[in-house]
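Letters A, B, ... are given to chains in the order of the sequence lines, protein chains preceding strands, and every chain is numbered from 1.
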Amino acid sequence: MRGATMTHHIGFGALSYDLAHLLGGTALVLSFALLYQRRVSAVVNTYALQALVVAAAAAWQGWVQNEPQLYLTALIALVAKAIIIPLALHGIIRRLEIHRSIETAFGVFPSMAVGVLLVVLAILVVLPTTLGAATLTREDLATALSVVLLGLLAMITRRNAPTQVVGFFSLENGLILAAVGVTGMPMVVELSTAFLVLVAFTVFGLFFFRIRDRLGSLDTRRLDLVTEEPR
Amino acid sequence: MSSVFPLNPSYLVLIAPALTAAVLGAVPSWRLGVWINCAGSAATFLAALLLPWQVGRPEPYLLIDPLGVYLVVLTAFVGMTTSWFSVGYVRVEIARRRLDRRRLRLYHAMYQVFVGAMLLALLSDNLGVTWVAIEAATIAAVLVVGLPRTAEAVEASWKFFLICGVGIALALFGTIVLYLAALPVLGPGTAAMSWSTLLPAASRCDGAVLNLAFVFLLLGYGTKAGLAPFHAWMPDAHAEGPTPVSAVLAGSILNVALCVLLRLRGLLAANEAAGGGAIPPGGALMAFGLMSVLMAAFSLWPRRDVKRFFAFSSIEQSGLAAFAFGLGGPVATFAGLLHMTLHTLAKASVFQCVGRASQLKGGQTFADIGGLMASHRMLGITLAVSVIAVAALPPLGLFASEFLIGTQTILRMPWLALPLALGLLVGTWALLARLQGLCLGAPTPDRGPAPDALALLPVWLMLAAVLVLGIAMPAPVSDWLRMAAG
């Protein structure tokens, strides 16, 4: 209810508007940072920072919209995505010994250029279509879509599994940003998104295990493969 | 009815797989597990049969409409026949040591989670819950596909997870935008995310925002429906995962995604008809559908792996159903739904036969499997009938549905009939050409146990349904489909 009345007097210069923009913008800048980081651990740290910013954005929206449930979203983002997942990813990196720098598929400059184009695309798509919605919602949505698209780009430009995963998680950050920006979004989305990240992580953990497992016992399995599935 | 059960019986269909999954997770013996899996799937199917009497009953969380109920019955039926097939399949895999006992526990539990999650996705009124259910089904399927732990299986499940993960992420974004479109009309809260309140309010929603939502939902759920160009996960997941999963995957998850797209089509069409500013959704559905049909038909030819081959055929059929839904109108939608049903049954039959054949011949390439008719007559004939059904030759059911879709195309979009016919002909030709190698000619050596006499019973059950629906569809079924088609 309060959200509906707010739409009239939120605009440039209002603190709620400016701070939401600042946080959204910071998340977007961190998405760009993800594109050019060269070391795996730096990629993970950038992701953790972005998750922190998204948590702050969720908490701020909780305050602005007077929706206490958004504080919970913020807390989940903070604990799971800014702390636990990055720590676990660092653990995996250490165990798999992939500290070395990783090459991007495009090189830094082209991927930044494509990133800028994607942001322009997001703005051109979202702003003209959502004329009926509140200004803050529209601009939040454009920022969120940019983060989603940059996450996709990061997934495409990275070659090794852990950094692809980080691209995917960053995409999830964009989704949270979109969900908290829309007034009164039912809890189910925030919970499920948080749920997705947790489960996804467990699944990924399994994958990493299996990939290592496979490397450890490649010989016998290779024999198996040749007799069973000649291809 | 409601006085007998303290709970709406519609919930039984969701409780049965959930309970079975919990029991299967707790029972260490795989010999017991295969039968619990069967019993649970049969119970789910029986519960699904109660649903047609619940249609129209007001229910806060579920949407019990003809479309959802019909797909639930279909999914539960295929889930049941495939769990039956799985009994024999699992024994051979244990003997061949492709699966070990510990992993079988996971396999059986995930089988039930997968089926249960899909039923929830079909029945849920809330788009958010549908999304969570589809995500859960995806994760369960990913876990099962990776179970054989061969290098290929791990790679296939990784690819499956990444592509579908991105797909469902885009679908979630679409769901958020859809909520934004309905927000001014329905106000904050779950009403703006529920089909039952969204559909009547469709004409008053913001058309431009609906368009944006449609784009993301189409990309997201289109990925799950295996529509080109987002189909890349399907061939790998089908080829490398355990065959029972291919059989269930082939029909049901595509159907769930197509069901969401069909409901979304209704939403946009209602808004467009009322002048709300939404684009007609048919064009995009037809474009993706036609692209899938053509891409898949030509991709069938170079395939060497039998399961991969039939996965491409599923993409073709899913594309055809999407095309029919895009065409719109009661007849084309009816044809599309009929096509989905028959394809689900026929493709599950094909995968069950191929599963038996690949265990018998010790491989799943066309080079491994040949001359089944000469060495194992019953298996050969059953596989041949299944493939002929998928190829849509009369008198089996898919001929009727493809004929309907074809005539509707000629009637309403004559210039699209030519590329569509080309795709279908090339696809059918590929199926028949490969069928000759599989069933006729000199038999390849056997490297595994032959299936026992009862093993093919579920396949015959499904093929009988395909035949009956094709030549003499019972009046209640056709009435029901007409209702579902709206």
Handout entry: Set of residues satisfying ring pair (Phe, Tyr, Trp, His ring centres under 6.0 Å) with respect to B:F366, sequence neighbours excluded
Key = B:F309
Exercise for the section: Please state whether the side chain, the backbone, both or neither of A:L152 comes within less than 4.5 Å of a heavy atom of chain B. Expected result: side chain
Problem - Atom group of B:L170 that falls short of 4.5 Å from chain A, counting heavy atoms - result: side chain
Problem - Under-4.0 Å salt bridge between B:E240 and B:R308 - result: yes
Handout entry: Check: B:S194 and B:L127 side chains under 4.5 Å, non-hydrogen atoms
Key = no
Practice task
Sort B:Y179 into side chain, backbone, both or neither according to what part of it lies under 4.5 angstrom from a heavy atom of chain A.
Solution key: side chain
Exercise for the section: Let me know if B:V177 has heavy atoms under 4.5 Å from chain A in its side chain, its backbone, both or neither. Expected result: side chain
Handout entry: Residue pair B:N211 / A:T129, side-chain heavy-atom distance below 4.5 Å
Key = no
Problem - For B:Y107, ring pair (Phe, Tyr, Trp, His ring centres under 6.0 Å) partners two or more places apart - result: none
Practice task
Go through A:V148, A:V126, A:L171, A:L141 and name the one with the most non-hydrogen pairs under 4.5 angstrom from chain B.
Solution key: A:L141
